[in-house]
S.K.: 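Below is a structure I'd like to ask you about.
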Amino acid sequence: MMKPKKNKSLLLSIIIILISAWGTVSAQSGGGRLHAVVVGQDNSPLSAASISLLRSPGDIPLKGTLSKENGDIEFVEVPSGKYMMQVSAVGYTTYRSTEIALKTGAIMSLDTIRLQTETRVLGEAQVVGRKPLIESQIDKIVLNVENSVLATGNNALELLQKVPGVTLDNKKINLRGKSNVIIMIDGKPTYLSADEVSRLLENTASNSIASIEVLTNPPAKYDAAGNAGIINIKTKKNTQFGSNVSLNFNLGQGKYTKGDGGFLVNHRNNWVNLFASYNYQNSLGFNDLTIDRSVRDSVGITYFNSDSYSKFRYRGHNFKFAADFNLGKQEVLGFVVNGNVSNGSSTRQGDNLIASEKGKLDSVVQGSNFSDFTYHYLAYNLNYKKTFDTLGTELTANADYSYSKNNDNSTVKNRFLDPNWTEFKLPKIFRNDMLSNTKILVFKTDFVHPFDKTTKLEAGLKYSRVKTDNILIYEDQNTAGEFVRNEKQSNQFLYNENIAAAYFTLNKSFGKFSVQAGLRVENTSSLGNSVTLGQQTKRNYTDFFPTVFIQQQINDNHKLGLSYSRRIDRPDYGALNPFIYYLDQYTYQYGNPYLNPQYTNSYELNYTFKERYLLSLGYKRTNDAITQVIESNSETKAIAQTDRNLTYFDYYNMNINIPVKVLKWWTTSNNLTAFYSKYNFDERSGAQRQLEKLSFQVSSNHDIRIGETTNVELTANYFSPAVYGVFSFKSYYGVDLGAGKSFLDKKLNVKLAVNDILNTRGQRRLSSVQENGYYRIRNGYDSRVIRLSLSYRFGNVNIKSVNKRAGDNDEDNRLKK
């Protein structure tokens, strides 16, 4: 009986916070007006200069704004009082006015503010303080988007295609030929699936982004998990106050219709920054799957040809609420609530033709599969940050808790037909009901202490606890049409995991030479318990993960870097579950409770020319590489999908990025990644002893500006044949074209785009050669889609959003969402 009261109290508290925050700004109305003009050293107007109005005494920030294209600055409804005006811009020294006394109702115009070009002397070279487009730092590559042509007319997903080494495959992000890239925003993981990340980035305007960081060898402060790398999107920082709202709507039409829409709300004043977002997606898609395979036994070879068509619908609600409270000038306390509620359904119809010799049909298994799912995910975060001095000494702390629940139901019907397509025995009907719950708790703290401008120490601690509960109920239909539980195929699997970690990193610069060394230590304790089978798997191990970065600035045009790291990839929670989950009579999947983590030693050499052109060479050796395998059963003729540890995996790569400005209004970004993959298997994999191939990916992105409000974008890419695990993939290519225009002072943006104009990406082919046969797949999906996107923003569009996800956790990334 107390729960409704608690919910009402929580709702009332949130309403009070919102009303108070709004009232703080509203109370400032009815004041005076300040006007000024800011110009550069050559007297030309400066646009987008950052202006802060500080209350005296104490330099308390009151308002913030950006200068207009003509250099105008204006503050309205300023309360009576004494103020200082501070003006800063990239490449210029910061300006600070004398004290300004403003009375109620007064209109005051200040003298023209002239900023002086910032000049720094490094050795004998004089450098004007402006960030280059591409910056090669000791542990990452940085694309400085702010104040560049890239900052207008794009969304964040399109912007990623211009980042060195990044390619998009049907909106899935790859970094130097590897998928499973961790995407962060302002240093905080998004904890979203690949599709959800794509939608988030599509709804993020490029003019809100300051820079994009690429970490192919992340330093010790990050979780040791993951060998594909990290992409960190840093948003612009300013002190703007007020409110804004952003609305978005997307409608796509391929073979089927798909759409989504939502809103973002920001509000900021002196003491609080609030953020709320919601997005709804409703999409319809298909999957056209053909499988050719053979199984060899002591009698001979059996051939299978399976052709099936699936149609599925997905509905999803994503929401987030976040707040930052300024406890003092150097202290911030924040919280985040993040969630996803989704459901969907699918139908699959197919025929499996069986023959003892090619061209001769022996029998047919006609299958149908009807399934539906629901997924609930809710996460909470509490974060704190304290800054101690102007050098940057700071302490941060995070506490995270998340809960997810996934329920998947399917009913399978198999009909058995003779060569004349006549049913010769009763059909087999069964159903699976799978329920999984996961709870994750994480505590984390980090400390940064610069000793001086050349030396900095970073250190931190982390603890995480994961609990999962998976239940599978398998039921057969009897002759009376009733479903009866099959205890042999039903199971319950419990998994508990605890990870404790500590790290430190030391940075030191010696003139043009810099070095960074770090060490991360992680202890993992886990227990997997298959309740029905009475099978338990315990593990307890401690690992050390060193990182080393060296960089040498040869001269203004040439820079070299060298790095090394050791990393780990733990299995997904579902991959450890020994359930046998049947898709049809001859196809099933199961987990491997004995799956070990994989370890990767990574080496990289990179070269930067004129802070614009990049060349990198890398080598990775992964031991006990986790990969998906296909097993063929010679007795039942069925195939099973599972994960195994291979002996090792070698990966050599070269990446070249060449941006070209063809004309003033036409820029291109061109990227080439060449990589050599070599997998070594043992006898358990059932595949060839070794699989290797030299492959490459090439992409070219063209941005054409037509005036200030219209742009056309063309992207073309090609992926050569490649190998992954026991599979060989065929080549594919595609072309995307889009045009966008902004209206109403760039508040309304309209974009029309066509993905995969030639309809060439929607047919993927792969194969695997087994010891007792072969396996070939053709998979078709809805890749050619025309999309109309609308977004509208109103209010103070320059407010920095608190749209972030605190913490730095690998645990949520191992959920299969």
S.K.: With a 4.5 Å heavy-atom cut-off, do V38 and L115 have their side chains touching?
M.R.: yes

S.K.: Once rounded to the nearest 0.5 Å, what's the spacing between atom OG of S52 and atom CZ of F75?
M.R.: 7.0 Å

S.K.: Please determine if K385 and E331 form a salt bridge, counting it only when a charged side-chain N lies under 4.0 Å from a carboxylate O.
M.R.: no

S.K.: Quick check for you: to the nearest 0.5 Å, what is the distance between S669 atom OG and N657 atom CG?
M.R.: 4.5 Å

S.K.: Would you say the side chain of T112 lies within less than 4.5 Å of the side chain of V39, judging by non-hydrogen atoms?
M.R.: yes

S.K.: Going by distance alone, is a donor N or O of one side chain under 3.5 Å from an acceptor N or O of the other, for E213 and N232?
M.R.: yes

S.K.: Nearest 0.5 Å please: distance from the CG atom of N749 over to the OG atom of S791.
M.R.: 4.0 Å

S.K.: Heavy atoms, side chains only, cut-off 4.5 Å: are Y377 and N338 in contact?
M.R.: yes

S.K.: Taking all non-hydrogen atoms of both residues into account, name the closest pair between G734 and T760 and its distance.
M.R.: CA-OG1, 3.6 Å

S.K.: Of the options L215, I182, V181, which is the one that meets I231 in a side chain to side chain contact (heavy atoms under 4.5 Å, CB included)?
M.R.: V181

S.K.: With side-chain hydrogen bond (donor to acceptor under 3.5 Å, both in side chains) as the criterion, how do S783 and D756 come out once you've worked through the C-alpha distance, each side chain's angles and the decisive distance to 0.1 Å?
M.R.: CA-CA 6 Å; S783 64; D756 194 17; 2.6 Å; yes

S.K.: Any non-hydrogen side-chain atom of L758 less than 4.5 Å from a side-chain atom of Y733?
M.R.: yes

S.K.: Looking just at side-chain N and O atoms, do K741 and T709 make a donor-acceptor pair shorter than 3.5 Å?
M.R.: yes

S.K.: What do you reckon, are the aromatic ring centroids of F321 and F335 less than 6.0 Å apart?
M.R.: yes

S.K.: Measure the CG-CE distance between L110 and M85 for me, rounded to the nearest 0.5 Å.
M.R.: 5.0 Å

S.K.: Without hydrogens or angle criteria, can the side chains of N717 and Q697 be said to hold a donor-acceptor pair below 3.5 Å?
M.R.: no

S.K.: Minimum heavy-atom separation for N670 to S700, with atom names?
M.R.: OD1-OG, 2.7 Å

S.K.: Grab the two heavy atoms, one from L102 and one from L34, that are nearest each other, plus how far apart they are.
M.R.: CD2-CG, 4.2 Å

S.K.: For the pair K258 (side chain) and L284 (backbone), establish whether a donor and an acceptor sit closer than 3.5 Å, ignoring hydrogens and angles.
M.R.: yes

S.K.: Out of curiosity, E99 CD to M84 CE, how far, rounded to the nearest 0.5 Å?
M.R.: 5.5 Å

S.K.: Answer yes or no: is there a side-chain heavy-atom contact under 4.5 Å between L333 and N383?
M.R.: no

S.K.: Please lay out, stage by stage, how V272 and L274 fare under the test side-chain contact (heavy atoms from CB on, under 4.5 Å).
M.R.: CA-CA 6 Å; V272 67; L274 302 175; 3.5 Å; yes

S.K.: May I ask you to decide whether D782 forms a salt bridge with R784, counting only side-chain N to carboxylate O separations under 4.0 Å?
M.R.: no

S.K.: Looking only at side-chain N and O atoms, does T667 offer a donor or acceptor that is under 3.5 Å from a partner on D703?
M.R.: no

S.K.: Test side-chain contact (heavy atoms from CB on, under 4.5 Å) on N398 and N381; report intermediate values, then the result.
M.R.: CA-CA 7 Å; N398 288 272; N381 166 264; 3.6 Å; yes

S.K.: Kindly indicate, with the supporting measurements, whether the criterion side-chain contact (heavy atoms from CB on, under 4.5 Å) is fulfilled by V142 and I212.
M.R.: CA-CA 6 Å; V142 181; I212 299 177; over 6 Å; no

S.K.: State whether the number of non-hydrogen atoms from other residues, nucleotides or ligands found under 6.0 Å of F263 atom CZ is greater than 12.
M.R.: yes

S.K.: If you measure only the distance, is there a donor-acceptor pair under 3.5 Å linking the side chains of S789 and N250?
M.R.: yes

S.K.: Under 4.0 Å between a side-chain nitrogen and a carboxylate oxygen: does that hold for R793 and D745?
M.R.: no

S.K.: For the residue pair V37 and I73, establish whether any side-chain heavy-atom pair is separated by less than 4.5 Å.
M.R.: no

S.K.: What's the separation between atom CZ in F794 and atom CG in L247, rounded to the nearest 0.5 Å?
M.R.: 5.5 Å

S.K.: Using distance alone, with no hydrogens and no angle criterion, decide if N755 and R761 have a side-chain donor and acceptor under 3.5 Å apart.
M.R.: no

S.K.: Which heavy atom of T94 sits nearest to which heavy atom of S88, and what is that distance?
M.R.: OG1-CB, 3.7 Å

S.K.: Will you find, in the side chains of N318 and N279, an N or O donor that is under 3.5 Å from an N or O acceptor?
M.R.: no

S.K.: Mind listing the closest non-hydrogen atom pair of G339 and L378 along with its distance?
M.R.: CA-CD1, 4.2 Å

S.K.: Who passes ring-ring contact (aromatic ring centres under 6.0 Å, His included) against Y280, sequence neighbours left out?
M.R.: H317

S.K.: Any non-hydrogen side-chain atom of N701 less than 4.5 Å from a side-chain atom of T668?
M.R.: no

S.K.: Taking the cut-offs as 6.0 angstrom to the six-membered ring centre and 45 degrees off its axis, would you call K386 and Y384 a cation-pi pair?
M.R.: no

S.K.: Looking only at side-chain N and O atoms, does T715 offer a donor or acceptor that is under 3.5 Å from a partner on D736?
M.R.: no

S.K.: Before giving the answer on side-chain contact (heavy atoms from CB on, under 4.5 Å), spell out for I173 and I183 the whole-Å C-alpha distance, their side-chain angles and the decisive distance to 0.1 Å.
M.R.: CA-CA 9 Å; I173 300 166; I183 304 297; 3.8 Å; yes

S.K.: Are any of the side-chain heavy atoms of L53 and V78 separated by less than 4.5 Å?
M.R.: yes

S.K.: Indicate the atoms forming the closest heavy-atom contact of S342 with Y314, along with that distance.
M.R.: CB-OH, 3.5 Å

